[in-house]
K.L.:
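Have a look at this one.
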Amino acid sequence: MEEKDIIMEDKELNEQESLDTGSGNMFLLWGYVSAIVTLVVFAGIYWTRNPVWMWGFWGVPVLGYLFSFILVRKQRKLAKSYGDKVLNEMWQIMGLLCIAIVLGATFTNHYEIILPICAILISLSSIITGSIIRYTFGIALGLNMLFSILDKTSSYLSLLEFVLVIVFALIIPGHILNYCARKDNKR
């Protein structure tokens, strides 16, 4: 076992280190990027009625990965637990699955399935991540979006449902994780 793989259990972390390790900063980063991009796409479609605005969703992975890279570079290399590594891998896989869904839906001209399936994947990832945080509301909205497609009642308003999924699956849990990290640090 290499020295960097050893988990430091007895080390006292200052507030910033606590926020860097067990926090919801990545939840918040991806949540706010996703919500803002979705709202921009919604506004573009609402005001122009032009579906070309849907291409704006490529801003999520572009901005998300760019900001993630910047955030990770700013953080000091702190010891990570096995659980941190597993969760990091799980989120990477879910991100790749969302990109695969987008590519597959684009290739087969079934764009309407992108948001509900990605909403379900993001919500499941959030639930897996947080046995501390139990928000199933995102899954319910994702399923509602999917069934709306099957019932032929889906509309561009599903973009707003997707923003709600992001709020409940990423933004609120991110703030809760940061609150818990600060609270634990004060003990």
K.L.:
Rounded to the nearest 0.5 Å, how far apart are CD1 of Ile120 and OG of Ser125?
P.N.:
11.5 Å

K.L.:
Report the C-alpha distance between Tyr46 and Trp53 in whole Å, list the side-chain angles of each, state the deciding distance to 0.1 Å, and finish with yes or no for ring-ring contact (aromatic ring centres under 6.0 Å, His included).
P.N.:
CA-CA 10 Å; Tyr46 180 80; Trp53 279 92; over 10 Å; no

K.L.:
Do Val102 and Phe57 make a side-chain contact, defined as non-hydrogen atoms from C-beta onward lying under 4.5 Å apart?
P.N.:
no

K.L.:
Calculate, to the nearest 0.5 Å, the distance between atoms OG and CH2 belonging to Ser126 and Trp91 respectively.
P.N.:
5.5 Å

K.L.:
State, with a plain yes or no, whether a side-chain heavy atom of Asn144 is found less than 4.5 Å away from one of Glu161.
P.N.:
yes

K.L.:
Using a 4.5 Å cut-off on heavy atoms from C-beta on, say whether the side chain of Ile172 contacts that of Phe27.
P.N.:
no

K.L.:
Give a yes or no on whether the ring-centroid distance for Tyr111 and Trp55 is below 6.0 angstrom.
P.N.:
no

K.L.:
Do Leu29 and Leu96 land in one hydrophobic cluster if side-chain heavy atoms of ILVMFWY residues count as linked below 4.5 Å?
P.N.:
no

K.L.:
Does a side-chain heavy-atom distance below 4.5 Å link Phe162 with Leu157?
P.N.:
no

K.L.:
Can you tell me how far apart CG (Leu170) and CG (Leu28) are? Round to the nearest 0.5 Å.
P.N.:
8.5 Å

K.L.:
Side chains of Leu159 and Met54: does their closest heavy-atom pair fall under 4.5 Å?
P.N.:
yes

K.L.:
Anything under 3.5 Å between a donor and an acceptor, one on a side chain of residues 30-39, the other on a protein residue two or more places apart or in another chain? List them.
P.N.:
| from | atom 1 | to | atom 2 | distance (Å) |
| --- | --- | --- | --- | --- |
| Trp30 | NE1 | Ser68 | OG | 2.9 |
| Tyr32 | OH | His175 | NE2 | 2.9 |
| Ser34 | OG | Trp30 | O | 2.8 |
| Thr38 | OG1 | Ser34 | O | 2.7 |

K.L.:
Val52, Ile114: one ILVMFWY side-chain cluster at the under-4.5 Å cut-off?
P.N.:
yes

K.L.:
Determine the minimum heavy-atom distance between Ile113 and Ala105, stating which atoms define it.
P.N.:
CG1-CB, 4.0 Å

K.L.:
Using 0.5 Å steps for rounding, measure from the SG atom of Cys118 to the CE atom of Met94.
P.N.:
11.0 Å

K.L.:
Distance from Ile117 atom CD1 to Ile122 atom CD1, nearest 0.5 Å?
P.N.:
12.0 Å

K.L.:
Under 4.5 Å between side-chain heavy atoms, counting indirect links through other Ile/Leu/Val/Met/Phe/Trp/Tyr residues: same cluster for Phe107 and Ile149 or not?
P.N.:
no

K.L.:
Does the side chain of Ser123 reach to within under 4.5 Å of the side chain of Val165, using non-hydrogen atoms?
P.N.:
yes

K.L.:
Taking Val62 as the starting point, is it possible to reach Leu115 by hopping between hydrophobic residues whose side chains are less than 4.5 Å apart?
P.N.:
no

K.L.:
Flag yes if Met26 and Leu97 sit in one hydrophobic cluster, no otherwise; membership is Ile, Leu, Val, Met, Phe, Trp, Tyr, and two members link when side-chain heavy atoms are under 4.5 Å apart.
P.N.:
yes

